[in-house]
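Note on naming: letters A, B, ... go to the chains in the order of the sequence lines (proteins, then strands), and numbering restarts at 1 for each one. Not measured: the values here are computed from a predicted model.
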Amino acid sequence: MNPLLEAQNVAKHYPGVIALDGISFTARKGKVLGLLGPNGSGKTTFMRIASGQSSPSSGRVLIEGELPDSKTRSRISYVPENNHLYSWMSVEEIVGFFEDLFPGFERQRVEELMELMQLPRKVRIKNLSRGIYNRLKLLLGICWGAELLLLDEPLSGVDPASREKILEGILKGCGEQGFTIIVSTHLVGEVEPLLDDVVFLEEGRVKLQGDCDDLRKQFGLSLDQLLRREVV
Amino acid sequence: MREFIDLMLKELKGDRNTLFTLFGLVIGFFLLSILLRELNLDNIYIASLFILTLLFGAFPLIYFLAGYDLFKREWKEGTIALWSIVPVKPWKLVGSKITAVFIEFLVIGISLSTAIVVLIWPHTSHRAEFGEIFISTVLLFIQSHFILLPLAAIAAALYMSGTNFAKYGGLVRLISGFLLLWAIIIVERLVDIGTMSLVYAEVPYLESVQINGGTFSVAFPESISLSLVLILYLTGILSFILGGKLLERRVLP
């Protein structure tokens, strides 16, 4: 199967810090790839490069053979870990804002997902709990027809009940839309059922990568156990 | 066009702090002036009028700071990440923000003009009609407003120029700002193509207002160098284009 995203020897250096040290992997079309690793392993740095928010010091990321630019931007939906939505808007207002700006916005689907994820419409974003805020970010990330969804730590700081809702949303988004998803997280156990492929990062390097089923068979361990053994 | 209007409305709704602060200052000094007048505290009343009129003179600085803050705010709050996924041309993002500043300050400026005219009109010696004074004051503000508009684009581009230099960003902006100011002054002196009259010159009612023996004078300039206006616009347009490019290359993929 053709890769939608291809990382070729991607490195990112900051003064005194090597955030990424020449990582290479591919994300297959229509599959969910887990970018796993402890805090500080370079997951967010890679997500920012893949979304085009940052440039690699060397190497490159290709989206179906093209470097990230204004054309690929309309195909990638990046949901960062940090807050990126206008805190003064209400849930209803930010949904309307996205509807006005994204030509492929699917109102009907959003209405269904808002019900599923139990999002309050009138509440301002600054007053949302972490869990509900993350559900909203996910909803806005999957509602406008992007082909590649980059989810940076979608479960970080979220209570177990909200995690279920978020995972349900990802599953629904992926299953029905055929998204290619790259999800970065250190909560491996939670996302393991979603993943098709996995890349373990440690200190900016790829420690292990491959098809999840193959790795489980090869090592006789779950991904969570494997991460603990190999990386943590 | 709809995207542009949506973005501009978002900007106007979101930037309530600047709007409310400036509007509050105008209303506050207006009410204070009325109170002081009623209490016959003429000297303090004149001082209050003076401060209110100073706001008029502070608009170039306010314009510059508002333009500088347009993208700084997005960076600080992390909402700049939203722009990396919004499929809108960078010039629309920059243009909608500058248009919002223009509309915002137009509203504040007209309120300020109204407040000044209401307070000063009873004391004018020219016996001009209230309507005539009001219209000329508002027109003066609108004219100044158009002259100052490029400052917002220049300030926005200055901020953008430092976004890719991490801890040296402030220094890059400072140096860019000084170089730009120096270039504007030099070119303005070299190119003398006459002056442009300001609306104020038509109705010089504020030159000297007598308030119970005290005198309140305002020294508004009657004209402005035409080359300065043209240079400001030329720099503003170049900054607008540069701002869009910087946003596209450095911030957006």
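- Of the atoms belonging to F97(A), it is side-chain heavy atoms, and not backbone ones, that fall under 4.5 Å from chain B.
- For the side chain to side chain contact (heavy atoms under 4.5 Å, CB included) test, residues two or more places apart in sequence or in another chain that qualify with I185(B) are L181(B), R189(B).
- The aromatic rings of F105(B) and Y63(B) sit perpendicular to each other, their planes meeting at more than 60°, with 30° as the lower class boundary.
- In this structure, the portions of L85(A) lying under 4.5 Å from any heavy atom of chain B include both its backbone and its side chain.
- Side-chain N/O atoms of E153(A) and S184(A) include no donor and acceptor closer than 3.5 Å.
- With a threshold of 4.5 angstrom between heavy atoms, D100(A) approaches chain B through its backbone and through its side chain.
- I49(A) and S55(A) make their closest contact through CG1-C, 4.3 Å (heavy atoms, listed as atom of the first residue, atom of the second, distance).
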